[in-house]
Amino acid sequence: MANDDGARRAELARLRRVRDRIDRDYAQPLDVEALARGAHVSAGHLSRAFKAAYGESPYSYLMTRRIERAMTLLRRGDLSVTQVCFAVGYGSLGTFSTRFTELVGMPPSTFRELDAEALRGIPPCVTQRATKPVRNREAGTHPLL
Amino acid sequence: MGEVNLTIHQAYLPADDPEAARRFYCDILGFELRGDVGKGALRWLTVGPPGQPGTSIVLTPPGVDPSISDEERRVIMDMMAKGTYGAINLATPSVDATFAQLEAAGVDIVQEPLDQPWGLRDCAVRDPAGNLVRIIQAP
């Protein structure tokens with residue numbers, strides 16, 4: 001039993017390093033194959049184990065992280081949608097727009113126009129909680145609109 | 001209600017490997033070792049920043065309270081391993097220099113220094129027990 005626990009925790013710690021790497025390097029051209037190579041496991045194994053531990057696949061976690069950062073950058077208002085798309089690690093505006101719309105419920109261009117107005121006057125700590133994209137609210141209405 | 005006068009004296013962080021925790025908090029972060037009780041995996045280390053003797057972190061073996069069930073202990077230790085259990089926020093006047101030192105020391109990085117939309121600059125690393133250590137640029 002102790003050995004089972006030890007092996008499971010070693011695996012969980014490996015998955016934690018993969019998740020931390022996504023958090024750190026999300027703007028790099030990362031994919032699940034590269035993450036799996038870094039963790040010395042197969043891509044299929046990584047996807048299954050990561051999802052079992054964290055409730056979503058590493059691909060989905062990476063997308064959420066990128067879109068979360070994109071929302072922040074779009075909110076600033078000084079960057080175009082295209083600039084934001086490349087800044088968060090997407091190589092194609094079409095993919096970025098599709099993933100963004102899936103998660104946020106509106107295209108990035110619409111979000112950029114609406115968001116500056118919607119967030120005015122809300123304390124920053126509340127803003128962080130209220131605006132974090134959440135997988136199970138995928139494609140729902142923006143929480144502040 | 002009358003006025004209270006309280007300081008934050010000690011807070012607890014779980015640590016499943018006391019030697020690794022001591023290296024991280026004392027050798028790498030530069031905290032003082034103020035107490036060291038117990039032996040083996042059951043060690044309680046009290047650490048804190050030099051010049052601030054009134055505030056300490058107690059690095060504590062996880063789940064040793066006998067009121068915690070085996071199942072609960074298993075969940076706590078799994079959550080520590082996957083990095084979803086403990087966390088602490090520290091502050092420094094020089095987040096970028098601190099980050100460079102931590103990276104050079106080989107600690108697990110979670111986030112490079114970044115200006116957050118809520119107005120703070122911070123970075124984040126893992127301690128050896130999987131606790132998230134966020135380091136904020138002191139105002």
Side-chain angles (χ1 to χ4, degrees), chain A residues 1-2 4-28 38-39 49-56 58 61 65 68-79 84 87-88 115-116 119-120 122-132, chain B residues 14-17 20-21 24 40-41 61-63 68-87 89 99-100 102-103 106-137 139:
Chain A
M1 196 54 174
D4 288 353
D5 285 345
R8 187 176 69 254
R9 280 172 205 140
E11 164 93 341
L12 286 170
R14 271 195 298 280
L15 296 170
R16 174 181 97 218
R17 294 194 179 92
V18 170
R19 195 177 71 135
D20 286 349
R21 185 176 173 204
I22 296 175
D23 278 330
R24 180 185 189 179
D25 291 337
Y26 64 89
Q28 308 297 318
F50 191 101
K51 185 164 187 180
Y54 294 111
E56 62 180 322
Y61 188 84
R65 189 71 191 80
E68 180 185 17
R69 181 66 182 157
M71 291 167 79
T72 297
L73 295 177
L74 288 169
R75 242 172 239 136
R76 281 175 20 182
D78 60 333
L79 298 173
V84 169
V88 299
D115 199 76
L119 289 174
R120 193 162 297 151
I122 299 174
C125 53
V126 178
T127 309
Q128 183 200 8
R129 281 282 156 239
T131 59
K132 189 176 177 66
Chain B
D16 54 356
D17 181 340
F24 180 84
I68 295 175
S69 71
D70 288 348
E71 180 54 31
E72 289 165 343
R73 188 172 305 110
R74 194 169 296 125
V75 169
I76 288 170
M77 294 188 70
D78 283 4
M79 288 181 71
M80 288 171 62
K82 66 182 261 195
T84 52
Y85 192 66
N89 291 355
F99 178 81
L102 295 177
E103 191 176 36
V107 309
D108 288 346
I109 305 295
V110 182
Q111 180 210 298
E112 295 181 27
L114 178 71
D115 291 321
Q116 298 287 3
W118 48 92
L120 295 174
R121 183 169 182 79
D122 65 15
C123 67
V125 302
R126 292 276 171 205
D127 83 0
N131 298 305
L132 183 67
V133 179
R134 188 167 285 283
I135 300 173
I136 295 160
Q137 177 80 42

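Letters A, B, ... mirror the listed sequences (proteins, then strands); counts begin at 1.
Between chain B and the residues A:D20, A:L15, A:D23, the most heavy-atom pairs under 4.5 angstrom are made by A:D20. Each of B:M79, B:M77, B:Q116, B:Q111 has some count of heavy-atom pairs under 4.5 Å with chain A, and the biggest count is that of B:M77. Residue with the most contacts toward chain A among B:I109, B:L120, B:L114: B:I109 (heavy-atom pairs, distance under 4.5 Å).
Note that the CD atom of B:E103 and the CZ atom of A:R24 stand 4.5 Å from one another [nearest 0.5 Å].
When every heavy atom of B:D115 is checked against every heavy atom of A:R69, the shortest pair comes out as O-NH1, 4.3 Å. Across B:R126 and A:R19, no two heavy atoms sit closer than the pair NH2-NH2, 3.6 Å.
Counting heavy-atom neighbours within 6.0 Å of A:Y54 OH, excluding the residue itself, gives a total above 12.
Using a 4.5 Å cut-off between heavy atoms, B:D108 contacts chain A through its side chain alone, with no backbone atom that close.
A heavy-atom distance below 4.5 Å is found between the side chains of A:R9 and B:D78.
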